[in-house]
Structures are given as C-alpha cells and as structure tokens.
Amino acid sequence: MKFSDVIGNAEAIDRIRRMVDEDRFPHALLLHGPAGVPKLALAQATAQYIHCTSRTPDGEPCGQCPSCLQHQSFNHADTFFSYPVVKKDSNDKGPTSDEWLEAWKKFLTDDTVEDYQKWVSLLGKDNAQPIIYQSESDKIIREMNFAAYTSRYKVLIMWLPEKMNEACANKLLKMIEEPAPDCIFLLVSDDAQSILPTIYSRCQRIELKKPSTQEIASYIATKYQVDYQDAMAVAAPADGNVVQAERNMQLDSETKQFHADFVKLMRLAYMRDLKSLKAWSEHIADYKREKTRRFLGYCARMVRENFIYNLHNPELNYETREEQQFSTRFAPYINEGNVERMFGEFGQAEKDIRMNGNAKIVLFDLAIKITILIKV
C-alpha cells in the first residue's frame, strides 16, 4: 500500500511522512475519523513506509524492496494486525485475530477502504458482535515483546480499538504507555470517543477528514472504469463516505430502475392519468418497505437536482448522463412554487412507510399530490 493509494487527507499524509523521515514517529498514533473515511489503508501505507529500505524521492515506499514485497502479501515479519472477531463456536473461550487471518487477508485485498459491514459478513456470524477479546491482548504482548526481526521497528496495526473489551484494554495499557523502543502502535478508529480514556490519552492523534466529492468521484471513475459525470452522481450523495459511494455504484442497476419509475410518475402525473398512477403505486409498493424508502429518497434527490438544474450551473448538479438528459426537458416543471412542497411530500411518504403505513395507500396519495403540484 502506498500513500498515493489513499483517498484524500493529503495534509495528514504529509505530516505522517515527515514524522517518519525525521525519525520522530510517536510510539502510539491514533488515526481517527468517521466511518467510510480511508484510515486502515493509511495505516498500512505508513507501516510499509516505515519498513521500506528504498523510499522514493517523492516520499513513497518503493514497492520493490523485500520489505515492501512482504507488506504487499501481508507477510512482513515485523508487522502485526489486530481486529475485532467473533467466537467460532460455544467452546471458543478466547478467540484471537489469528483464527480469522485468511478472512482478514481477503478483506484487505478486496478493497482500498475498510467496510465494517463487509467484515461482519466475512466472519459469517451476522448476529454476533465482533469484539477484541482479552485473549487478543496476550497475543499482542507476546508478539511485541519479541525483538524486531528484519526492521528497526515492530508495528502493530489495530483496527477499531473501540471494540476492545475493558479487560483487553487494561491489559494493553502498560505496553502502550511504556512501550519497548522498537514498538509502534497504529490505532485506527471510527469512533475515538468510545476508546478507553486511558488508552486514548496516551496516543498522539490525527483526525482524518472526509475526502471531497471530487476525490471520491476520481477514485470511483478509475476503479469502475465509468464516466466521471456518472461517478460524481454516486459520489455526491455519499457525503464524503467512500464506502457509501461504492455501495451507490454497486446499486447502479437499482438506480436505473428508480430513475425509470421516477420518470413514469412525473409523466403520468402531468397527464393526470389516475388509473395508471394507481397501478404505479401498486408496482412501487411491491418493492417492500426498505427498497420503497430508498426509492422515495431517490425521488427527493431528483426533485432537488431538477430544481438546481434551472440555475444553469453544471458544477451544482450531480446527475448521471441519463438523469441529466431527462432534466433538460423536465426541470422547468420544478420551480419556486412547488419545489419545497414536492420535496416535503416525498419525505413525508418515506416517513409514513418507515412507520409501517399501508404502502399502496401512502404511494397513491403521494401520486395524487404530485399530480396537483407538477402544474403549479
């Protein structure tokens, strides 16, 4: 992993690079920020940079020395990982991360950005709460007490230290407070305020910010080989959450379906075809509750995008090319006289569905209201 693979947070990367180059890296560094912000990748890049024997002039690990090659295969002798796990069965009294090492390597290999829900799925215990157990602390103490094997420093990357149970955190406290000279702890947290205060206070901290929409869009466009405009359309609603942007991209077929249903609603509403609108409401109701809620959220976003489209400022719009093609004709029908009420009606319908309202009734009522509002 290289620093250039990390999305956003250039200032934090420069700070970390300087600390390594100037040999003033803290014994315990906490990288924290909202879920969906790339932090684990930055920790991996940092560990590889620390161990690289031929750093490049532009401040990257070379990617070719023995240490870099070992990092790329997750086999570096002086790099250790710790992460929340579940018990494999009722007889498993003290699970450690080593028991889930193959799943962990797959998790790191498949994605640049850590997705907690994907990790839970890989553990195969959807109803269990992953934890870093006390038994993990014994493993960490044993590993970090060995002398560094191939490098000057041993590095432990702990993902989600807020998942440590109290016994584990208390047992590691002394080692983090007074580590051996060759030990570095890199803690990666989605919720720093939930870390045991005594651990939190002994770490130097770097808060990572949400990447910009443009940075996420560039990442999406490159990874999925899609047009930049389409990438912007999935990046903007994610609000800096790269994991959510990827989910939006993977839901592309659903988005196309939602767009077709939104277009149909607006056309039938304009024609005041109540019989067809009733059939439309029954069709949407067949989506079931959660998908119906996602559809209504999509409709609210399309109302916003079409209103903004009238300002003729492309930088403010985040639509796919297909959505934009429809907006060129439809946008004039969303104006100052109806945009707030139309937006509100979609929000109210979503709330009613969430509260277990009868979907067919809620959606047909919504369709009638849109019929009235579209010609305001």
Side-chain angles (χ1 to χ4, degrees), residues 12 15-16 19-20 22-33 39-40 42-51 67 71 74-87 92-101 104 108 114 116 119 129-208:
R15 180 180 169 187
I16 289 171
M19 289 192 298
V20 177
E22 297 169 8
D23 198 20
R24 53 181 183 82
F25 202 87
H27 68 273
L29 178 65
L30 172 63
L31 302 174
H32 65 101
K39 300 179 290 292
L40 184 55
L42 179 53
Q44 290 177 259
T46 300
Q48 185 169 336
Y49 191 64
I50 289 171
H51 288 147
S67 288
H71 268 280
F74 313 113
N75 288 312
H76 194 277
D78 294 321
T79 303
F80 307 98
F81 290 96
S82 180
Y83 37 87
V85 297
V86 297
K87 295 180 179 181
D92 191 353
K93 302 302 182 183
T96 67
S97 55
D98 283 349
E99 298 174 38
W100 297 95
L101 186 58
W104 179 250
L108 295 181
E114 60 269 25
Y116 178 70
W119 175 240
Q129 178 66 37
I131 293 172
I132 301 178
Y133 291 88
Q134 180 179 348
S135 49
E136 182 77 1
S137 62
D138 296 328
K139 180 185 86 76
I140 292 171
I141 291 170
R142 183 173 62 253
E143 290 171 338
M144 299 302 277
N145 274 330
F146 284 118
Y149 184 65
T150 63
S151 309
R152 180 180 173 187
Y153 293 106
K154 301 186 298 290
V155 178
L156 172 76
I157 298 175
M158 178 180 282
W159 183 49
L160 304 182
E162 59 268 30
K163 299 290 185 181
M164 279 191 287
N165 64 20
E166 190 171 351
C168 176
N170 286 330
K171 203 163 185 179
L172 288 178
L173 178 59
K174 184 173 180 59
M175 174 167 274
I176 293 176
E177 186 176 22
E178 300 175 6
D182 63 349
C183 289
I184 290 176
F185 291 85
L186 286 175
L187 308 184
V188 180
S189 173
D190 287 347
D191 183 13
Q193 298 306 311
S194 296
I195 299 173
L196 189 72
T198 49
I199 297 283
Y200 179 84
S201 65
R202 285 158 175 79
C203 296
Q204 189 171 135
R205 299 176 288 277
I206 296 180
E207 182 177 5
L208 301 183

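Owing to the predicted nature of the structure, the values given are computational and were not obtained by experimental measurement. Computed over heavy atoms, backbone and side chain alike; hydrogens, waters and symmetry mates excluded.
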Taken to the nearest 0.5 Å, the spacing of S201 OG from L30 CG works out to 11.0 Å
Hits for salt bridge (Lys or Arg N to Asp or Glu O under 4.0 Å) against E166, two or more places apart or cross-chain, chain-then-number order -> none
Note: I157 and A47 closest approach over all heavy atoms is CD1-CB, 4.0 Å
Query raised in the report: Do R152 and D78 sit within salt-bridge range, that is, some charged N less than 4.0 Å from a carboxylate O?
Result: no
Sequence neighbours excluded, the answer for side chain to side chain donor-acceptor pair (under 3.5 Å) partners of Q44 is none
Residue set satisfying ring pair (Phe, Tyr, Trp, His ring centres under 6.0 Å) with F25, at least two apart, ordered chain then number -> none
Sorted by chain and residue number, the side-chain contact (heavy atoms from CB on, under 4.5 Å) partners of Q204 (sequence neighbours excluded) come out as R15, M19, P26, L29
The salt bridge (Lys or Arg N to Asp or Glu O under 4.0 Å) partners of D191 (sequence neighbours excluded) come to none
Contacts of S135 meeting side-chain contact (heavy atoms from CB on, under 4.5 Å) (sequence neighbours excluded), chain-then-number -> P95, T96, Y133
Checklist line | Side-chain donor or acceptor of Y200 paired with backbone N/O of Q193 under 3.5 Å | finding: no
*asked:* Any side-chain to backbone donor/acceptor pair from D182 onto K154? Under 3.5 Å, distance only.
replied: no
R205 meets the salt bridge (Lys or Arg N to Asp or Glu O under 4.0 Å) criterion, sequence neighbours left out, with none
field: Close side-chain approach of H32 and I195, heavy atoms under 4.5 Å
entry: no
| query | Within the distance-only criterion (no hydrogens, no angle test), does the side chain of H51 pair as donor or acceptor with the backbone N or O of Y153 below 3.5 angstrom? | reply | yes
The salt bridge (Lys or Arg N to Asp or Glu O under 4.0 Å) partners of K163 (sequence neighbours excluded) come to none
Problem - Any donor-acceptor N/O pair, H27 side chain to P181 backbone, under 3.5 Å - result: no
Exercise. Looking at the rings of F74 and W104, which for Trp means the six-membered one, are their centres under 6.0 Å apart?
Worked result: no
Flag, side chain of W100 to backbone of V86, donor-acceptor distance under 3.5 Å: yes
Just so I know, are the side chains of K139 and S97 near enough to count as touching, which here means a heavy-atom distance under 4.5 Å?
yes
Check whether any side-chain heavy atom of I132 sits under 4.5 Å from a side-chain heavy atom of P84, and report yes or no. yes
Residues passing the side chain to side chain donor-acceptor pair (under 3.5 Å) test with R142, sequence neighbours excluded, are none
Those residues at least two apart in sequence (or on a different chain) that pass side-chain contact (heavy atoms from CB on, under 4.5 Å) with E178 are K174
Sorted by chain and residue number, the side chain to side chain donor-acceptor pair (under 3.5 Å) partners of S189 (sequence neighbours excluded) come out as E162
Determine whether L160 and E114 make a side-chain contact, defined as any pair of heavy atoms from C-beta on separated by less than 4.5 Å. no
Practice prompt. Begin from the C-alpha positions of T46 and I184 and carry the test side-chain contact (heavy atoms from CB on, under 4.5 Å) through to its verdict.
Written response: CA-CA 11 Å; T46 300; I184 290 176; over 6 Å; no
Subject >> Heavy-atom side-chain contact between L173 and R202 under 4.5 Å >> reply: yes
**Request:** Side-chain contact test, heavy atoms from C-beta onward, threshold under 4.5 Å: evaluate it for K39 versus W159 and give yes or no.
**Result:** no
Q | Residues E177, T198; criterion side-chain contact (heavy atoms from CB on, under 4.5 Å); working and verdict | A | CA-CA 9 Å; E177 186 176 22; T198 49; over 6 Å; no
Output for pair (C168 SG, I140 CD1), nearest 0.5 Å, gives 5.5 Å
**Asked** Would you say L172 and M164 make side-chain contact, with heavy atoms under 4.5 Å?
**Response** yes
Exercise for the section: Please examine the side chains of I16 and L31, heavy atoms only from C-beta on, and report whether any two atoms are closer than 4.5 Å. Expected result: yes
Practice problem: List the steps and the verdict of side-chain contact (heavy atoms from CB on, under 4.5 Å) for F185 and M158. | Solution: CA-CA 8 Å; F185 291 85; M158 178 180 282; over 6 Å; no
Applying side chain to side chain donor-acceptor pair (under 3.5 Å) to E99 and not counting sequence neighbours gives none
Rounding to 0.5 Å, atoms CG (N145) and SG (C183) come to a distance of 7.0 Å
Rounded to the nearest 0.5 Å, the CG atom of L196 sits from the CG atom of N170 at a distance of 5.5 Å
Nearest heavy-atom approach of I206 to A12 is CG2-CB, 3.9 Å
